Chemist: 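Below is the structure I would like to discuss, written out as structure tokens.
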Number of protein chains: 2
Amino acid sequence: MAKQARALATRQTVLLAAAEVFDERGYAAATMSEILDRAGVTKGALYFHFHSKQELALAVIEGQGAWIAGWEPASDSWVQNLIDLGYAFAHALQSDPLVRGSIRLTIEHGSFTQPQIAAYQGWMDLVRGLLEQARDAGDLHPGIDLVAASGVITGAVTGIQLSSQVLADRQDLIQRMADLWTLLLPGLVQPHALARLSVAERAAS
Amino acid sequence: MAKQARALATRQTVLLAAAEVFDERGYAAATMSEILDRAGVTKGALYFHFHSKQELALAVIEGQGAWIAGWEPASDSWVQNLIDLGYAFAHALQSDPLVRGSIRLTIEHGSFTQPQIAAYQGWMDLVRGLLEQARDAGDLHPGIDLVAASGVITGAVTGIQLSSQVLADRQDLIQRMADLWTLLLPGLVQPHALARLSVAERAAS
DNA sequence: GGTAGGATGCCTACTGGACGGTATGCCTCC
DNA sequence: GGAGGCATACCGTCCAGTAGGCATCCTACC
């Protein structure tokens with residue numbers, strides 16, 4: 001395992017460039033040449049680290065799992081944590097190329113059915129966990145189907161994000177997120193809990 | 001304007017095949033050869049009717065506008081009309097290849113920025129119109145931002161539809177739609193109006 | 001109503017270029 | 001001196017698009 005430092009650096013450079021190109025063009029329209037140009041490496045370097053375009057895309061998708069795994073709740077209100085998660089994700093979408101590329105690859109289905117489903121599932125599990133905690137704290141309406149709710153929330157966030165991307169290059173994503181919560185929360189949480197939440201983004205995320 | 005009948009038929013055949021392939025593969029990964037095979041026509045025929053792959057895709061996208069234009073409200077409750085619209089759209093997504101292909105092309109951004117935005121805008125305008133009627137009828141919570149709400153609703157439906165497609169090939173789309181309305185309506189309509197709505201799909205759409 | 005002539009609609013063969021991937025060799029550090 | 005890390009030249013394939021020819025039907029004039 002020699003020379004790890006340089007090798008890891010170029011690997012990371014390639015991964016980042018690939019994420020950018022995948023984000024901008026999608027999997028099929030992205031070309032290895034453009035990734036090479038943007039990364040400033042040669043074909044030999046790239047294919048040393050990733051044996052195919054597909055493997056490279058899978059590595060990008062994996063970044064999403066890493067982001068999820070790295071997120072941690074910060075509030076003692078679990079619904080608030082859910083809201084905060086949405087905003088944290090929105091900021092990641094605006095600034096982190098790896099997350100952006102990963103999301104695009106996850107969203108457009110095609111050759112990657114397996115990892116795509118896993119990615120969706122990861123989000124839904126995370127959301128469902130938060131909802132369970134919120135329910136146990138007595139914040140949710142009784143009788144809510146948590147699986148259905150987590151599906152709706154992840155789906156809705158996916159769509160909000162997508163439309164924001166197409167219509168405004170994700171510039172208005174934070175605002176749309178706030179709009180979503182405004183509409184969604186009354187059907188989810190009980191009034192007494194609703195009063196304690198800040199739907200708009202909180203400082204220091 | 002001679003021989004319209006046969007020409008129109010092949011044009012329609014090509015359009016349908018193209019919609020199917022675009023739906024399954026996306027724009028970039030779709031190949032003209034596959035469209036030709038599926039349509040059972042030759043290159044000459046296709047390129048006689050559509051001068052390029054891009055033009056063909058645009059024609060498919062146009063089908064979406066036609067669907068929107070063809071839809072008509074049937075209830076005297078405007079919120080109910082909104083719900084019904086969602087279900088009608090869901091059924092179209094399950095059965096109408098043109099709508100399926102059109103949606104996929106609209107959703108994946110890339111070369112079509114202009115018509116994509118137009119398509120989104122068409123949906124949002126339609127939804128906003130329904131919401132305005134509902135507001136004027138006194139069904140909505142006072143102070144609701146209709147533009148924001150229509151953005152959230154179209155975005156959420158987009159996402160619901162997409163996740164249903166990736167996870168279950170749109171098999172559970174109707175159920176997810178119901179889940180969405182269950183969560184969304186309490187934040188949108190007033191209780192007295194809510195009581196009069198059927199959130200689940202109504203017979204005879 | 002028969003036929004010339006022309007447009008419409010379609011077919012087949014081809015082309016140039018780009019793309020993903022490979023083979024082979026060189027440099028550098030342990 | 002050997003393996004890890006990378007550079008370069010090359011290859012086969014496939015793809016969007018084109019060129020040019022051919023059949024079919026409509027129109028017009030006799």
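Owing to the predicted nature of the structure, the values given are computational and were not obtained by experimental measurement.
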Chemist: Mind calculating the distance between CD1 (A:Ile35) and C1' (C:dG21) to the nearest angstrom?
Modeler: 14 Å

Chemist: Any side-chain heavy atom of B:Leu93 within less than 4.5 Å of one from B:Gln161?
Modeler: yes

Chemist: Round to a whole Å and report the spacing from NZ of B:Lys43 to C1' of D:dC15.
Modeler: 7 Å

Chemist: Touch check for A:Ala30, heavy atoms < 4.0 angstrom, all strands: base, sugar-phosphate only, or nothing?
Modeler: sugar-phosphate

Chemist: For C:dG21, does the base pair up with any side-chain atom of A:Lys53 as donor and acceptor (N or O, under 3.5 Å, distance only)?
Modeler: no

Chemist: Hey, what's the ring geometry for A:Tyr27 with A:Phe112, parallel, tilted or perpendicular (30° and 60° as the breaks)?
Modeler: perpendicular

Chemist: For A:Met32 and D:dT8, what is the distance between atoms CE and P respectively, to the nearest whole Å?
Modeler: 18 Å

Chemist: OG1 of B:Thr182 to CZ of B:Arg176: how many Å apart, nearest 0.5 Å?
Modeler: 13.5 Å

Chemist: Hey, are B:Gln80 and B:Ser75 close enough side-chain-wise for a donor-acceptor pair under 3.5 Å?
Modeler: no

Chemist: May I ask you to verify if any side-chain N or O of A:Thr10 is less than 4.0 angstrom from the OP1 or OP2 atom of D:dC6?
Modeler: yes

Chemist: Mind checking if A:Thr42 touches a base, just sugar-phosphate, or nothing, with heavy atoms under 4.0 Å?
Modeler: base

Chemist: Can you check whether B:His49 has a side-chain N or O nearer than 4.0 Å to OP1 or OP2 of C:dC10?
Modeler: yes

Chemist: If I take atom CZ in residue A:Arg11 and atom P in nucleotide D:dG4, what distance separates them, rounded to the nearest angstrom?
Modeler: 16 Å

Chemist: B:His51 has an atom NE2; how far is it from atom C1' of C:dC10, in whole Å?
Modeler: 14 Å

Chemist: Can you tell me how far C1' of D:dA19 sits from CZ of B:Phe48, to the nearest Å?
Modeler: 16 Å

Chemist: Would you kindly give the OH-to-P distance between A:Tyr47 and C:dT24, to the nearest whole Å?
Modeler: 18 Å

Chemist: Without decimals, in angstroms, what is the distance between A:Leu56 CG and C:dG21 P?
Modeler: 10 Å

